[in-house]
Enquirer: 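This structure is in structure tokens; I'll ask about it shortly.
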Amino acid sequence: MPELPEAERARALIESRALGRTVAAVDDGDTWVCRPHGPGEIDAALSGATFTAAHRRGKAIWLDADRGPPLGMHLGMSGRIVVDGPGPGERWDRFVVHFADGGSLALRDMRRLGRVVLDPDLSRLGPDAADVSRPEFRARVGLGRAPVKARIMNQSVIAGVGNLLADEGLWRARLSPRREAGSLSVAELDRLRRALRAATRRAVRLGGVHTGELVPHRRRGGACPRCGAPLERGTVGGRTTYWCPREQRG
DNA sequence: ACCTATGTTGATAC
DNA sequence: GGTATCAACATAGG
């Protein structure tokens, strides 16, 4: 699930439920998820602190505390944030903040591809895909020989677009995922930005990227929900891609 | 049983 | 530098 919409919902959950609460102890024993920290390092940095703000850029989430470094969190491919149970210490809880009031904040992640780190490095993240301005989008996305789908999924170009949101946005903009990014006209770039922002906002509102219009049809044998043509399936930018061969030619 | 598939990122090689 | 490929993880399904 985790693309920008899921990350934003996780951030909002933390903002509404975890700010102002004091950390009693942290389970940071999964040094794969918490690398490069050793066990106890995050606990030592956060115990006694109170979270004061929850931020997000693209898929990256970070929390400020009233003392100590910010706490960075990334959901990876299968992670989600769970506040106040049920059952902190579930099998898939890879990182748990226990609050002094008895509650908890956990990163629940079966595949352990999520990450928790102190003082996260955000320097290689592009502007957030939901906020990027039109001139900035034109200048950053409309470059290079790579397919436009690979370009918009590059987190240092714009941050937050994953495999599903990319397919959804390209479909809404009626652009072929294979189009060379540098060949897009200004009008096409503007159309793509608009489509991506609309798809993103809608997914945040409705609960996640799976609530898109194209995404539910994104399976073998699926048809375009606008024109009914059988969807094409292939690999673009190394990722499984679905698109409408009738509407998304150019 | 064995193979492929899956929302992520990063390290590597050309 | 930009681009492509593979690996990391753990599970589900044909």
Side-chain angles (χ1 to χ4, degrees), chain A residues 1-11 29-37 56-62 72-81 90-95 107-117 120-126 128-130 139-171 177-184 196 199-200 202-204 206-222 231 233-243:
Chain A
M1 294 155 55
E3 298 191 28
L4 189 157
E6 287 76 11
E8 172 53 25
R9 291 178 73 87
R11 188 207 63 79
D30 190 326
T31 53
W32 173 263
V33 168
C34 297
R35 71 175 183 274
H37 300 298
R56 179 191 61 76
R57 180 144 127 229
K59 305 169 196 173
I61 298 167
W62 69 97
M73 311 185 86
H74 196 295
L75 301 176
M77 202 183 261
S78 55
R80 62 198 188 97
I81 296 296
E90 286 282 339
R91 178 153 69 116
W92 292 320
D93 284 351
R94 312 304 188 182
F95 175 83
L107 171 64
R108 193 162 292 177
D109 179 15
M110 181 177 73
R111 290 178 65 182
R112 300 171 79 208
L113 294 171
R115 294 291 176 263
V116 179
V117 64
D121 175 18
L122 307 171
S123 65
R124 286 170 323 189
L125 276 187
D128 190 85
R140 301 179 75 95
V141 173
L143 294 176
R145 290 178 355 208
V148 60
K149 175 170 180 183
R151 191 77 189 157
I152 58 176
M153 287 179 60
N154 182 336
Q155 303 299 299
S156 64
V157 174
I158 51 171
V161 178
N163 197 34
L164 300 184
L165 207 47
D167 280 4
E168 181 83 18
L170 289 161
W171 175 79
R178 295 201 148 119
R179 269 288 291 284
E180 199 173 288
S183 78
L184 295 183
L196 233 24
T200 302
R202 176 188 148 103
V204 170
L206 297 184
V209 72
H210 281 104
T211 64
E213 292 177 63
L214 173 70
V215 171
H217 304 272
R218 216 181 150 280
R219 51 184 167 75
R220 284 182 158 95
L231 291 177
R233 177 186 191 271
T235 300
V236 181
R239 309 297 304 276
T240 299
T241 302
Y242 287 84
W243 70 97

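Note that the structure is a prediction, hence the values are computed from the model and not measured. Throughout, protein chains are lettered first and strands after them, A, B, ... in sequence-line order, and every chain is numbered starting at 1.
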Enquirer: Minimum heavy-atom separation for A/G237 and A/P147, please, with both atom names.
Expert: N-CG, 4.3 Å
Enquirer: Go through C/dC9, C/dT11, C/dT3 for me and flag the one nearest to the A/R91 side chain.
Expert: C/dT11
Enquirer: Mapping A/K59 and A/R220 to their closest nucleotides on DNA chain B, which lands nearer the 5' end?
Expert: A/R220
Enquirer: To the nearest Å, how far apart are A/R145 CZ and C/dG1 C1'?
Expert: 11 Å
Enquirer: So does A/H74 get a side-chain nitrogen or oxygen closer than 4.0 Å to the phosphate oxygens (OP1/OP2) of B/dT9?
Expert: yes
Enquirer: What nucleotide, of C/dC9, C/dT3, B/dA5, holds the atom closest to the side chain of A/R151?
Expert: C/dT3
Enquirer: Once hydrogens and angles are ignored, does a donor-acceptor distance under 3.5 Å link the base of B/dT6 to the side chain of A/R111?
Expert: yes
Enquirer: What's A/G238 touching, base or sugar-phosphate or nothing? Going by heavy atoms closer than 4.0 Å.
Expert: nothing
Enquirer: Are side-chain heavy atoms of A/L4 and A/R56 found at a separation under 4.5 Å?
Expert: yes
Enquirer: Would you indicate what A/R239 reaches in the nucleic acid, counting non-hydrogen atoms under 4.0 angstrom: base, sugar-phosphate, or nothing?
Expert: base
Enquirer: When the distance from CZ of A/R219 to P of B/dT4 is rounded to whole Å, what number comes out?
Expert: 23 Å
Enquirer: Just how far, in rounded Å, is P of C/dG1 from CG of A/N154?
Expert: 14 Å
Enquirer: What is the distance, to the nearest angstrom, from the CD atom on A/Q155 to the C1' atom on B/dT8?
Expert: 9 Å
Enquirer: Using Watson-Crick or G-U wobble geometry with both distances under 3.5 Å, which nucleotide pairs with B/dC14?
Expert: C/dG2
Enquirer: Which listed nucleotide (C/dA8, B/dA5, C/dA4) is nearest to the side chain of A/W32?
Expert: C/dA8
Enquirer: How is A/R35 classified with respect to the nucleic acid when contacts are heavy atoms under 4.0 Å: base, sugar-phosphate, or nothing?
Expert: nothing
Enquirer: Nearest whole Å is fine: how far is B/dT8 C1' from A/L4 CG?
Expert: 14 Å
Enquirer: Assess the residue pair A/D93 and A/R108 against the criterion (salt bridge (Lys or Arg N to Asp or Glu O under 4.0 Å)); give the C-alpha distance rounded to whole Å, side-chain angles, the decisive distance to 0.1 Å, and a yes or no.
Expert: CA-CA 4 Å; A/D93 284 351; A/R108 193 162 292 177; 2.6 Å; yes
Enquirer: Rounded to whole angstrom, note down the P distance from C/dC9 over to B/dT12.
Expert: 16 Å
Enquirer: Nearest to the side chain of A/A146 - B/dT6, C/dC9, C/dA4?
Expert: C/dA4
Enquirer: Just compare B/dT9, C/dA10, B/dA5 and give me whichever is closest to any side-chain atom of A/R94.
Expert: C/dA10
Enquirer: Check this for me: A/R145, atom CZ, are more than 12 non-hydrogen atoms of other residues, nucleotides or ligands nearer than 6.0 Å?
Expert: no
Enquirer: For C/dC9 and A/W92 - does any side-chain N or O of the residue sit under 4.0 Å from the phosphate oxygens OP1/OP2?
Expert: no
Enquirer: Please report the distance, rounded to the nearest Å, between CZ in A/R124 and C1' in B/dG10.
Expert: 9 Å
Enquirer: Return yes when atom CZ of A/R124 has more than 12 non-hydrogen atoms of other residues, nucleotides or ligands closer than 6.0 Å, and no otherwise.
Expert: no
Enquirer: Could you walk me through whether A/R9 and A/E6 pass the salt bridge (Lys or Arg N to Asp or Glu O under 4.0 Å) check?
Expert: CA-CA 5 Å; A/R9 291 178 73 87; A/E6 287 76 11; over 6 Å; no
Enquirer: Mind checking the C1' distance from B/dT9 to C/dA12? Whole angstroms is fine.
Expert: 22 Å
Enquirer: Starting the side chain at C-beta, find the nucleotide from B/dT8, B/dG10, C/dC9 nearest to A/R112.
Expert: C/dC9
Enquirer: If only side-chain N and O atoms of A/T240 are considered, is one of them under 4.0 Å from the OP1 or OP2 phosphate oxygen of B/dT6?
Expert: yes
Enquirer: To the nearest angstrom, how far is A/D109 atom CG from B/dT6 atom P?
Expert: 18 Å
Enquirer: Over how many whole Å does the gap from A/E180 atom CD to C/dG2 atom C1' extend?
Expert: 12 Å
